[in-house]
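Worth knowing before you read on, the calculation uses all heavy atoms, side chains too, and leaves out hydrogens, waters and symmetry mates. Chain A is the first sequence line, chain B the second, and so forth, proteins listed ahead of strands; every chain is numbered from 1.
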Amino acid sequence: MPELPEVENVGRALLANLQGRRLTGLKVSFAGVLDPSAAAVRRRLVGARLEGLHRRGKYLILHFAHDDGRPAYLMLHLRMTGQIFILDGYVPDKHVHLVMDFEGLPVHYRDIRKFGRLSLVEDGYEPAAMAHIGPDMLTVPARQWLERIVRRRGPIKACLLDQGIASGLGNIYVDESLFLARVHPLARPCDIEEAELREVLRRAKQVLRLALRHGGTTFMNFTNFQGKPGNFRRKLRVYGRAGQPCRDCGASLEKITVAGRGTVYCPRCQPDPS
DNA sequence: CGACTGGCCTGCTGGC
DNA sequence: TGCCAGCAGGCCAGTC
Ligand SMILES: [Zn+2]
């Protein structure tokens, strides 16, 4: 599922292929992915040029401008299974909901579970729709992140998934970050030493940067912009490895549910907080 | 306000 | 071989 590194790669791909091009047409086969409506998106965007984009966490905002200077902003969130294909000879299947035409170059939006959204917003950086989204996890200063998390009483895993504290981590990289920081997913930030919290942030940034370099983690639902699968999955330490031996100590990795998500951790490397 | 839960969706898997 | 329950999870609305 696309997390920060995958979304960053999508953004780079969009810029590399489409910057300066004009959106000349929009074919909609499932309007539910467009907010507030297919008609509104078409009216606002068709005819405008893609000038740039901005990413915060897993959100992308595409910056368009019409010839008269009028701006238009489209916020994109891929959620679980959203994908964008800009590939020669791509044949859309039943899960392709949009085809955006950029002066003859077709851009396909595909989403098996239909959780993803493309929303018109009023600002290119701080739209109202993102008012509750915290700073980007990759760049948030440690001091700011600590202020936002240090008094929380819920499980640290739930806090790392809470995009209002900092944005960008999903289930995969949360489990990886906590393993690397040797912190139990149920530990509470309000009980954790500051140095240990700092280590969680440091590891989270490290994991995100590493995944970015490797083109992201690819399951069956993400293809990076060259159409090649990302190869970060091989490097995962705990995610998807329940019951297998810890790569550090050999103990059998355990699986529990935290914040409604499957959670894998090493009972020896990440000792119980109680 | 913070913590927690259910619902949205579809494809895949395992049990019978 | 087919059927179906259960699982996967990011985010939001609703509840306490
Ligand atoms: Zn271990």
Problem set entry | side chain to side chain contact (heavy atoms under 4.5 Å, CB included) against Ala129(A), all qualifying residues, sequence neighbours excluded | Met75(A), Val121(A)

What side-chain donor-acceptor pairs closer than 3.5 Å can you find for residues 249-262 of chain A, not counting sequence neighbours?
{"unit_1": "Ser252(A)", "atom_1": "OG", "unit_2": "Gly243(A)", "atom_2": "O", "d": "3.4"}
{"unit_1": "Glu254(A)", "atom_1": "OE1", "unit_2": "Tyr265(A)", "atom_2": "OH", "d": "3.1"}
{"unit_1": "Arg261(A)", "atom_1": "NH1", "unit_2": "Ala259(A)", "atom_2": "O", "d": "2.5"}

Problem set entry | Residues that, via side-chain heavy atoms closer than 4.5 angstrom, fall in one hydrophobic cluster with Val91(A) | none

For this session: Check whether any side-chain heavy atom of Leu23(A) lies under 4.5 Å from a side-chain heavy atom of Leu50(A), and answer yes or no.
Result: no

Problem set entry | Boundaries of the DNA chain B segment in contact with chain A, non-hydrogen, under 4.0 Å | dA3(B) to dG11(B)

For this session: Scan for side-chain hydrogen bond (donor to acceptor under 3.5 Å, both in side chains) pairs involving residues 57-75 of chain A, sequence neighbours excluded, and state none if there are none.
Result: Arg22(A)-Asp67(A)

Exercise. Between dG9(C) atom C1' and Asp111(A) atom CG, what is the distance in whole Å?
Worked result: 13 Å

Exercise. In chain order, what residues pass the ring-ring contact (aromatic ring centres under 6.0 Å, His included) check against Phe30(A), with sequence neighbours excluded?
Worked result: His97(A)

Seminar exercise, completed: Contacts satisfying side-chain hydrogen bond (donor to acceptor under 3.5 Å, both in side chains) that involve residues 115-125 of chain A (not counting sequence neighbours) are Asp35(A)-Ser119(A)

Seminar exercise, completed: In short, side-chain hydrogen bond (donor to acceptor under 3.5 Å, both in side chains) pairs touching residues 149-172 of chain A with sequence neighbours left out are Lys157(A)-Asn171(A), Lys157(A)-Asp175(A), Lys157(A)-Thr263(A)

Problem set entry | With Ala40(A) via side chain to side chain contact (heavy atoms under 4.5 Å, CB included) - residues at least two apart | Pro36(A), Ser37(A), Arg43(A), Leu120(A)

For this session: Specify the separation, in whole Å, of atom CZ of Arg241(A) and atom P of dA8(C).
Result: 17 Å

Problem set entry | Bend angle of the helix from dG2(B)-dC16(C) to dC16(B)-dG2(C), end axes from five pairs each (to 10°) | 50°

Exercise. Which ring pair (Phe, Tyr, Trp, His ring centres under 6.0 Å) pairs, counting each pair once, include a residue from residues 145-169 of chain A, with sequence neighbours left out?
Worked result: none

For this session: For Gly262(A), report the nucleic acid contact type (base, sugar-phosphate, nothing); a contact means any heavy atom under 4.0 Å.
Result: sugar-phosphate

For this session: Using a 4.0 Å heavy-atom cut-off, write out nucleotides 10-16 of chain C from 5' to 3' as B (base contacted by protein), S (sugar-phosphate only) or - (no contact).
Result: BBS----

